[in-house]
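Inspection log for the structure reproduced underneath, given as structure tokens.
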Amino acid sequence: MAKVLTSREENYSQWYNDLVNKADLAQNSAVRGCMVIKPYGYAIWEKMQAALDKMFKDTGHENAYFPLFIPKSFFSKEAAHVEGFAKECAVVTHYRLRTSAAGGVEVDPDAKLEEELIVRPTSETIIWHTYKDWIQSYRDLPLLINQWANVVRWEMRTRLFLRTAEFLWQEGHTAHATRDEAVEEAERMLNVYATFAEEFMAIPVRRGVKSANERFAGAIETYAIEAMMQDGKALQAGTSHFLGQNFAKAFDVKFQNKEGKVEHVWATSWGVSTRLMGALIMTHSDDNGLVLPPNLAPIQVVIVPIYKTQEQYEQLQAAGNNIKKQLQALGISVKFDDRDTQKPGWKFAEYELKGVPVRIALGARDLEQGTVEIARRDTLTKETIPQTDLIARVQFLLDDIQKNIYQKAFDHRAANTRTVETYEEFKRMIDNEGGFIMAHWDGTPETEELIKEETKATIRCIPLDEEAVPGFCMVTGKPSAQRVIFARSY
RNA sequence: CGGGGCAUAGCGCAGCCCGGCUAGCGCAUCUGCUUUGGGAGCAGAGGGUCGUAGGUUCGAAUCCUGCUGCCCCGACCA
């Protein structure tokens with residue numbers, strides 16, 4: 001078979017871009033840094049949305065929607081927040097065009113807005129401005145809201161799914177009566193994300209808190225899940241922030257408690273984005289294309305008929321539709337591709353490129369012998385089994401593929417997670433091996449900054465999912481409470 | 001925003017250095033026949049203001065200048 005994709009080993013970036021294009025997930029758009037998500041890519045995103053949305057609702061959250069535009073003045077109310085986002089905001093300054101002398105259109109200078117509008121890079125400010133009116137009493141709390149939306153961040157360099165100027169995401173914004181409740185919420189949502197990543201996306205993640213340097217602008221504490229891609233680089237896959245009372249104070253959101261005392265509320269925010277699509281692609285895919293976890297695959301099973309004559313074609317259609325119906329009755333999404341315009345080999349390659357977990361090939365030979373060929377995408381192996389075993393086998397395979405690709409990713413991460421004691425060793429390892437490096441750090445931003453300058457590695461998180469064993473910083477020799485995860489990242 | 005590269009058919013490219021006949025190749029598309037258990041074969045056909053604006057020249061895809069867009073590598077970031 002002719003290689004359709006760039007090889008992963010040769011050029012990881014190119015392989016990734018190529019895959020996103022050829023698997024028909026997305027493409028660069030005419031607008032700088034933005035992306036067009038194509039139907040197949042969007043179908044995967046919809047599966048993610050559905051699973052996440054259910055998890056949010058199961059933990060007591062409701063959806064709402066807030067405006068795309070945020071008055072500039074809102075931004076200046078929380079100092080750290082402004083500083084963090086100021087450099088990447090798209091700003092609306094005018095509201096009208098007019099025809100120009102040259103025959104095109106130009107911005108009408110008379111239509112200048114009195115106050116510019118910021119296209120939201122995140123919605124904390126407009127939401128907290130709104131929450132001020134929604135919250136008066138402890139009876140109004142907790143307020144647990146999620147929004148599915150697009151946001152814009154004017155990044156200097158963009159990359160399909162991983163960092164686009166506009167991206168789709170969900171952002172949760174909650175208000176609580178006490179500090180403890182808010183911290184608990186932030187941690188709860190971190191765990192929701194971790195569970196989603198592991199159970200649906202089949203991506204093992206490390207949970208932890210961010211160092212001060214990497215913290216969200218305006219947060220007291222940022223929790224994150226970090227995944228390892230196949231090239232050993234880290235990808236931040238989701239964040240959950242404990243915002244303390246910063247936004248409540250900035251937007252004057254107060255409530256009266258049971259004792260009649262007026263207090264500022266405590267806040268969290270948390271989000272995951274279409275970046276998860278990038279994580280999914282870079283975690284599981286191979287040189288034949290996408291490998292999708294059955295739990296998120298828009299098509300879980302594809303049936304390809306193989307025939308010579310019209311008579312065979314008709315027989316196979318009946319048999320194929322019958323299998324399709326049985327599988328659908330079990331809630332499995334099936335495509336029976338009986339198009340006469342493409343040949344079987346072409347279809348095999350196509351569905352591999354698109355990551356369909358299970359493929360059933362059904363030919364005249366099978367009808368005679370009562371057999372069927374079934375292939376799995378993760379290992380690219382195929383077997384011929386009796387038709388009577390088919391349904392059970394499909395169910396087994398969907399389950400097994402989900403587990404297998406998780407395990408594969410888990411083993412890859414384990415094999416590329418290394419512990420180092422000295423900074424010399426660290427530098428050598430980050431250059432030669434990559435991956436996650438567990439090392440001691442004295443807890444200061446200065447040391448982290450120095451390491452970043454010299455090695456391009458950052459602290460991905462201070463893990464919460466392992467026991468803290470104290471030691472001494474690899475750079476300064478000062479005491480360290482526990483090892484942290486260093487890596488180069490996307 | 002710095003450093004590199006690219007722009008020629010829907011996609012991928014050659015041609016450019018050294019200007020010259022009708023601008024070419026692969027994939028894709030269309031037609032016909034043969035095929036169909038891993039991206040089919042043969043025969044034929046259609047499809048281009050060579051990114052854009054200007055300059056040099058008898059003559060520009062090719063040389064020169066400006067502009068625009070895209071990609072890669074950095075800095076920034078989810």
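Just so we're clear, the structure is a prediction, and the values are computed from it rather than from any experiment. The sequence lines fix the lettering, A, B, ..., with proteins before strands; numbering per chain opens at 1.
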Query raised in the report: Within the distance-only criterion (no hydrogens, no angle test), does the side chain of A/Tyr16 pair as donor or acceptor with the backbone N or O of A/Ile281 below 3.5 angstrom?
Result: no
Report task. Quote, to the nearest angstrom, the C1' distance that separates B/rG46 from B/rU62. Result -> 28 Å
Query - Members of residues 270-286 of chain A that approach RNA chain B, where some heavy atom sits under 4.0 Å away - result: A/Ser273, A/Arg275
Query raised in the report: Separation of A/Glu350 atom CD from B/rA28 atom C1', in whole Å?
Result: 13 Å
Report task. Indicate, with a heavy-atom threshold strictly under 4.0 Å, whether A/Ser13 touches base, sugar-phosphate, or nothing. Result -> sugar-phosphate
Query - Check: A/Glu155 side chain, A/Ala165 main-chain N or O, donor-acceptor pair, under 3.5 Å - result: no
Query - Where at least one partner belongs to residues 333-362 of chain A, residue pairs that pass ring-ring contact (aromatic ring centres under 6.0 Å, His included), sequence neighbours excluded - result: none
Report task. With sequence neighbours left out, write down each residue that passes ring pair (Phe, Tyr, Trp, His ring centres under 6.0 Å) with A/Trp169, or none if nothing qualifies. Result -> A/Phe167
Query raised in the report: The side chain of A/Pro344 lies closest to which of these nucleotides: B/rG74, B/rG38, B/rU36?
Result: B/rU36
**Report entry** Of the listed nucleotides B/rG37, B/rU36, B/rG38, the one nearest the side chain of A/Lys308
**Finding:** B/rU36
Query raised in the report: What does B/rG48 pair with, Watson-Crick or G-U, if both distances are under 3.5 Å?
Result: none
Provide a list of protein-nucleic acid N or O atom pairs under 3.5 angstrom, restricted to nucleotides 69-71 of chain B.
unit_1: B/rC71; atom_1: OP1; unit_2: A/Asn28; atom_2: ND2; d: 2.8

Query raised in the report: P atom, B/rC21 versus B/rC33: distance in rounded Å?
Result: 40 Å
Report task. Tell whether A/Lys343 reaches the base of B/rU35 with its side chain through a donor-acceptor pair below 3.5 angstrom. Result -> yes
Query raised in the report: Roughly, in whole Å, what's the span from CH2 in A/Trp154 to P in B/rC1?
Result: 12 Å
Report task. With RNA chain B as reference, determine whether A/Lys456 or A/Arg159 sits nearer its 5' end, using the nearest nucleotide of each. Result -> A/Arg159
Query raised in the report: How far, in whole Å, is B/rC64 from B/rU57 if one measures between their P atoms?
Result: 16 Å
Report task. For nucleotides B/rA23 and B/rU8, find the distance between their C1' atoms and express it as a whole number of Å. Result -> 9 Å
Report task. Return the nucleotide paired to B/rC18: Watson-Crick means purine N1 to pyrimidine N3 with N6-O4 or O6-N4, wobble means G-U with N1-O2 and O6-N3, both under 3.5 Å. Result -> none
Requested in this report: Mind calculating the distance between CE (A/Met35) and C1' (B/rA78) to the nearest angstrom?
Outcome: 12 Å
**Report entry** Between B/rA28 and B/rC18 - C1' atom distance, rounded Å
**Finding:** 35 Å
Query - Residues forming a salt bridge (charged side-chain N to carboxylate O under 4.0 Å, His left out) with A/Asp366, sequence neighbours excluded - result: none
Report summary line: Partner of B/rG74 under the Watson-Crick or G-U wobble criteria, both distances under 3.5 Å, comes out as B/rC1
**Report entry** Set of residues satisfying side chain to side chain donor-acceptor pair (under 3.5 Å) with respect to A/Arg188, sequence neighbours excluded
**Finding:** A/Glu184, A/Glu185
Report task. Check every strand shown and say whether A/Ala364 touches a base, only sugar-phosphate, or nothing at a heavy-atom separation below 4.0 Å. Result -> base
Query raised in the report: What integer distance in Å separates A/Asp18:CG from B/rC11:C1'?
Result: 12 Å
Query raised in the report: Quick one: are A/Arg376 and A/Asn404 in side-chain contact, heavy atoms under 4.5 Å?
Result: yes
Query raised in the report: Residues in side-chain contact (heavy atoms from CB on, under 4.5 Å) with A/Thr309, at least two apart?
Result: A/Glu311, A/Gln312
Report task. Look at all strands and tell whether A/Phe216 reaches a base, only sugar-phosphate, or nothing, counting heavy atoms closer than 4.0 Å. Result -> nothing
Query raised in the report: Considering residues at least two apart in sequence or located in another chain, which fulfil the salt bridge (charged side-chain N to carboxylate O under 4.0 Å, His left out) criterion with A/Asp286?
Result: A/Arg377
Report task. Could I get the full list of side-chain contact (heavy atoms from CB on, under 4.5 Å) partners for A/Gln326, not counting sequence neighbours? Result -> A/Asn322, A/Ile391
Report task. Spell out yes or no: do the side chain of A/Gln342 and the base of B/rG39 have one donor N/O and one acceptor N/O closer than 3.5 Å? Result -> no
**Report entry** Whole-Å distance separating the CZ atom of A/Phe348 from the P atom of B/rU36
**Finding:** 14 Å
Query - Who pairs with B/rG54 - Watson-Crick or G-U, where each distance is under 3.5 Å - result: B/rC64
**Report entry** Rounded distance in Å between the C1' positions of B/rG12 and B/rG48
**Finding:** 16 Å
Report task. Can you tell me, in whole Å, how much space there is between the C1' of B/rU65 and that of B/rG2? Result -> 23 Å
Query raised in the report: In terms of the angle between their ring planes, are A/Trp266 and A/Phe242 parallel, tilted or perpendicular, with boundaries placed at 30° and 60°?
Result: parallel
Requested in this report: Only counting residues at least two apart or in another chain, list the ones meeting side chain to side chain donor-acceptor pair (under 3.5 Å) with A/Thr164.
Outcome: none
Query raised in the report: What side-chain hydrogen bond (donor to acceptor under 3.5 Å, both in side chains) pairs are there with at least one residue in residues 214-230 of chain A, not counting sequence neighbours?
Result: A/Arg8-A/Gln230, A/Glu187-A/Tyr223, A/Lys210-A/Glu226, A/Thr222-A/His241, A/Glu226-A/Arg460
Requested in this report: Could you state the atom-to-atom distance from CG of A/Leu362 to P of B/rU36 in whole Å?
Outcome: 18 Å
Report summary line: In Watson-Crick or G-U wobble terms, with both distances under 3.5 Å, the base opposite B/rA40 is B/rU34
Query - Nearest-Å distance once atom C1' is located in both B/rG39 and B/rC27 - result: 12 Å
Query raised in the report: If pairing requires Watson-Crick or G-U wobble contacts with both distances under 3.5 Å, which nucleotide is the partner of B/rG24?
Result: B/rC13
Query raised in the report: Can we say A/Lys38 and A/Asp24 salt-bridge, meaning some charged N sits less than 4.0 Å from an Asp/Glu carboxylate O?
Result: yes
Query raised in the report: Counting side-chain heavy atoms from CB outward, which of B/rG37, B/rG38, B/rA78 is closest to A/Thr164?
Result: B/rA78
**Report entry** Residues touching RNA chain B, which here means a heavy atom under 4.0 Å, drawn from residues 368-387 of chain A
**Finding:** A/Glu373, A/Lys382
Report summary line: Taking B/rU36, B/rG39, B/rA78 as options, the one with an atom nearest any side-chain atom of A/Gln236 is B/rA78
Requested in this report: Have a look at A/Leu162 and say if it touches a base, only the backbone sugar-phosphate, or nothing, with a 4.0 Å heavy-atom cut-off.
Outcome: base
